[in-house]
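Structure first, then comments.
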Amino acid sequence: MRRILVTAALPYSNGSIHLGHLLEHIQTDIWVRFQKLRGHECYFICAEDTHGTATMIGAEEAGVTPEVWVEELRQQHITDFDAFAISHDNYYTTHSPENEHFAREIYKKLKANDAIYTATVEQLYDSEKKLFLADRYVRGTCPRCGAEDQPGDNCDNCGATYAATELKNPRSAHSNTTPVLRSSTHYFFNLPKFEDFLRTWTESGTVRPEIANKLKEWLDGGMKAWDISRDAPYFGFRIPDTDDKYFYVWLDAPMGYMASFQNWCDRAGINFDDFWNKDSLAEVHHFIGKDIVNFHALFWPAVLHCAGYRTPTSVRVHGMITVNGEKMSKSRGTFINASIFREVLDPDTLRYYYGARLNASMGDIDISFEDFVNRVNSDLIGKFVNIPSRCANFLLRHFDSTLSTKLSQPELYEEFSAKQQLIEELYEEGETSRVVREIMALADRANQYIANNPPWELAKTAGREQEVQAICTMAINLFRTLCVYLKPIVPGLIARSEQYLNAGELKWGDANQPLLGHQLAPFKRLMSRIDLKQIDKIVKASRDSSADDSDSEQSTSQTIELAEFQKVDLRVAQIDSASVVEGADKLLKLELKVGGESRTVFAGIRSAYDPVDLVGRYVVVVANLKPRKMRFGTSEGMVLAAGPGDKDIFLLSPDEGAVAGMEVS
RNA sequence: GGCUACGUAGCUCAGUCGGUAAGAGCACAGCACUCAUAAUGCUGGGGUCGUUGGUUCAAGUCCAACCGUAGCUACCA
C-alpha cells in the first residue's frame, strides 16, 4: 500500500471560489479519490492562504480584523468545496499556530545553514497609509512610452517592464498620494546557492518535461536571491529576532501544506514525520496551476532541501480556464462562482466535464457552454445512465429486480474488466480525458449489446423470460464495472447508482466481480438532462452579482489629469421638448437648446421621468460627445444623471440663474 | 523584444519510430428501433493536417521561414 499526501494550491482569502479554483480541486480530488478507491493510504490536504497586504486591506475595507475576515472566507470556501464533493481531509488555514511553528522553525534552519542574508532595499512608501508598496499598488506614467496610469511592474500599453521606482508621477493605489522612496532592510533566501540541487531535482521526474524545460530556462537565466521579508504593517508571521519584519506570504504559504497536515495528523493519529522526514518513503504530490510553478518547483524544494525535509515526489501543473474561448469576464457573466453554479446545476456535471477535458499537460482548458451541455447529456445521460434505465423495468416486472445467477456472455464482461489496467494507468498519469474516452467507448459497447439482443422482443415470446433476465443481468453488470471506473469523477451519481445496485460501496476490485443472483433496489432516475437555459441563468446571476462588486470598486476609481477632464465640453442646456421613443423601452427623445443651436439627444431615463415634466428644465449635457447613430435616430450628446438606474435616476441641473449654452467647468 | 508551447472535421481531441491512419466522440443528415430521460442502433456527408518552401522513394509526422493563439520573461497576492 502506498502512503500518499496530496495538496491542491491554497486558495487566497480575497474572494469566492470560482470555476478556476474548481478545475484544480476537481482534478486533484479525482486523483485522490482514485487512490483511495484502490485502497491506498491517501490524504488530501488544503488550507486558506491568508497572509499578505491584500487580506489586510480587504479586512480593513470590510471593517473587521484580518483574522475574522479570513475565517469568514474560509467557511465560505469550505461550503463551496463540499458542494462539489471535494474531499479535503483537512482544509485549514495558514494563520495557525502550526504554520507559525513551521515558518519559524524552517527559517531558523535556513539561517543556521547560512542561506539567509539581509540587504537594504529601496522601495516606494505610502506615508499616509504608512506602508511599503508592492509594485501592483503603485501606478504612474510609463517611463518608456508615456502612457498614463500604468501599474508598477510593466506597461499595459507598450509592454515595457521596469521597476516601480522608474515610473513617472507615481501614486499609491491605496491613498492616491505620491509615494516616497524609503530604504529598508530585507531578508533574502540565497536561492542561487541551490542551483545545482534544483537542476538535478527538476530533471528527476518530479515535473513533466515541458515544465522542466521551462525551469531550465529560468535556471540558465541566472537566479537571484528571493526576498522573503515584508515590512510592518503586514498580516503574517513576524520574523524571529526582529521587531517589524514579517515573512512574505509566499514563504509561509507552501508551509501551510505541512501545517494543515500536522493539524490533521494530530487529530487523526498519523505520524507526520513518516511523510516529511528527509528519508520518507511516502509520496507527496502538489497540484497547482501553471501561474505558480516557480514557487513550487524552485523556491519550495530549495527551502525544504535546505531545511532538511524531503522534497515533493511530483508537482503536477494544469493550465488556466477560459470560458467560450475567452478569459473569464465579470461583465460577460462568465466569471462564475461555485455558489451560483451549484444552485442551478448538479456539481457532478461540472466534475464530469472537467474530467472529460483534463490531461497531464498544462494547456489551458476552455469551457464551451454548448460543448458542456452536449457532453454531459450525450455521455452521462444518453450513454451511461441509459444502460440501467433501459433494463430496470424488465427486471422489475418479471423478476422482482433480481439478477440471474450466471453471466451469459462472460467474454463481453471480461472485455470490460480487462480495461481496468489501462484505466488505472491513465488515472495515475492524470490523463483523465482518456479515462473518460475509454469508459464512454465501453458504454457504447453496452448499448450495442442491448440493441443486438433486444429484451423487448424476447419479452413478447412466452418461455424466453430467462433470456430477458440474462441480457439485463449482463447489462447491469457492464454498467456496474463502468460505475467503478467512473466513481472518482462523479461521486454523487455513482452513490445513487450504488443505491440501485444495492450491494454496498463499490471498490476498485469490484470491476471484475460480477453481481449475480442479487436483488436490486427500486430504480430511481439517476441524473437529469441539462439545458442551455440553465447556463443562461448562471451567466445572468454571475453578471448581476459582479455588478454589485464593481460599484464598490468604482468608489476608488482611477484619477485623471486635469487636461483630460478639460477635453470634456460640458454645457448647460434647456429641454425644448421631450417625447417617448416608439419601440424603445428606456429611451426618451430630447430636443435641447444649447446656446444658439439645438440638438437631439436620446437619454435612457424613461423609467424615472415623465416627458411632460421635463420640458423647460435645465440639464447638463456633454456637448462634444461623438454623435451616436441609434436605431431611432442620431443622438448628439449625453445628458448627465446620477443613480443606479430604473426608478432611481436623478438628472443634474444647475442652480437658478444659469442659461442654456453656459460652459460647465 | 527574447524564449517556449500549440495550430488536424462545425466543437473537443487521438494520430507511436517518416511508410494502407486521414481517425474517434459530439454536432449534422438519412434509415431502423421503441425497453429507456426524444434516450439507443446502423449508415452517411464533412478535413489542401495554419501558410510557404525544403529534406526524402515517401511528410500530419523531420528542417526553415512566416502567420495566428496562448504563456513565460521570477522577487506580483
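In what follows, chains carry the letters A, B, and so on, assigned in the order in which the sequence lines appear, proteins first and then strands, with residues in each chain numbered from 1.
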Could you tell me which nucleotide pairs with [N] by Watson-Crick or G-U wobble geometry, both distances under 3.5 Å, or answer none if nothing does?
| N | value |
| --- | --- |
| rA59(B) | none |
| rC75(B) | none |
| rU37(B) | none |
| rA29(B) | rU43(B) |
| rC6(B) | rG68(B) |
| rA24(B) | rU12(B) |
| rG18(B) | none |

Distance below 4.0 Å between [X] side-chain N/O and [N] OP1 or OP2:
| X | N | result |
| --- | --- | --- |
| Arg375(A) | rG25(B) | no |
| Lys383(A) | rC26(B) | yes |
| Gln448(A) | rC42(B) | yes |
| Arg357(A) | rC13(B) | yes |

More than 12 heavy atoms of other residues, nucleotides or ligands under 6.0 Å from [atom1] of [X]: yes or no?
| X | atom1 | result |
| --- | --- | --- |
| Glu467(A) | CD | yes |
| Lys111(A) | NZ | no |
| Glu370(A) | CD | no |

task: Apply side chain to side chain donor-acceptor pair (under 3.5 Å) to Trp201(A) and His305(A), showing your working.
output: CA-CA 10 Å; Trp201(A) 188 80; His305(A) 174 71; over 6 Å; no

- prompt: For the side chain of Ser229(A) and the backbone of Tyr187(A), is there at least one donor-acceptor N/O pair under 3.5 Å apart?
  reply: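 Side chain of Ser229(A) to backbone of Tyr187(A): a pair is present.
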
message: Between Asp231(A) and Tyr246(A), do the side chains contain a donor N or O and an acceptor N or O under 3.5 Å apart?
response: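 There is no such pair between these side chains.
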
What is the nucleic acid contact for [X], judged by heavy atoms within less than 4.0 Å: base, sugar-phosphate only, or nothing?
| X | answer |
| --- | --- |
| Ala392(A) | nothing |
| Leu191(A) | base |
| Ser378(A) | sugar-phosphate |
| Glu370(A) | nothing |
| Arg437(A) | sugar-phosphate |
| Ile292(A) | base |
| Arg230(A) | sugar-phosphate |
| Ile387(A) | nothing |
| Asn386(A) | base |

What integer distance in Å separates [X]:[atom1] from [N]:[atom2]?
| X | N | atom1 | atom2 | answer |
| --- | --- | --- | --- | --- |
| Ile471(A) | rA36(B) | CD1 | C1' | 15 Å |
| Leu426(A) | rC13(B) | CG | C1' | 14 Å |
| Leu251(A) | rA74(B) | CG | C1' | 15 Å |
| Lys290(A) | rC72(B) | NZ | P | 7 Å |
| Asn359(A) | rA24(B) | CG | P | 21 Å |
| Leu358(A) | rU12(B) | CG | C1' | 13 Å |
| Arg208(A) | rC72(B) | CZ | P | 19 Å |
| Ile321(A) | rG71(B) | CD1 | P | 14 Å |

Check every atom of [options] against the side chain of [X] and return the nucleotide holding the closest atom.
| X | options | value |
| --- | --- | --- |
| Phe394(A) | rA39(B), rC35(B), rU34(B) | rC35(B) |
| Lys224(A) | rU37(B), rA74(B), rU34(B) | rA74(B) |
| Asn374(A) | rA14(B), rA27(B), rG25(B) | rA27(B) |
| Trp456(A) | rU34(B), rC11(B), rU40(B) | rU34(B) |

How far, in whole Å, is [M] from [N] if one measures between their [atom1] atoms?
| N | M | atom1 | value |
| --- | --- | --- | --- |
| rG46(B) | rA65(B) | P | 37 Å |
| rG23(B) | rG44(B) | P | 13 Å |
| rC67(B) | rC76(B) | C1' | 33 Å |
| rC72(B) | rU12(B) | C1' | 26 Å |
| rC17(B) | rG53(B) | C1' | 25 Å |
| rC49(B) | rG68(B) | C1' | 16 Å |
| rC26(B) | rG71(B) | C1' | 29 Å |
| rU51(B) | rG10(B) | P | 13 Å |

Residue pair Glu48(A), His77(A): steps toward the side chain to side chain donor-acceptor pair (under 3.5 Å) verdict: CA-CA 8 Å; Glu48(A) 193 77 1; His77(A) 293 175; 2.9 Å; yes

query: For the residue pair Phe188(A) and His186(A), does the interplanar ring angle fall in the parallel (under 30°), tilted (30 to 60°) or perpendicular (over 60°) class?
result: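 Ring orientation of Phe188(A) relative to His186(A): tilted.
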
query: Closer to the 5' end of RNA chain B via nearest nucleotide, is it Ala451(A) or Val385(A)?
result: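 The answer here is Val385(A).
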
task: Let me know, please, whether Met527(A) or Phe188(A) comes out on the 5' side of the other along RNA chain B by nearest nucleotide.
output: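 Result: Met527(A).
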
- prompt: Phe372(A) and Leu532(A): side chain to side chain contact (heavy atoms under 4.5 Å, CB included), yes or no, with the steps?
  reply: CA-CA 9 Å; Phe372(A) 169 70; Leu532(A) 262 176; over 6 Å; no

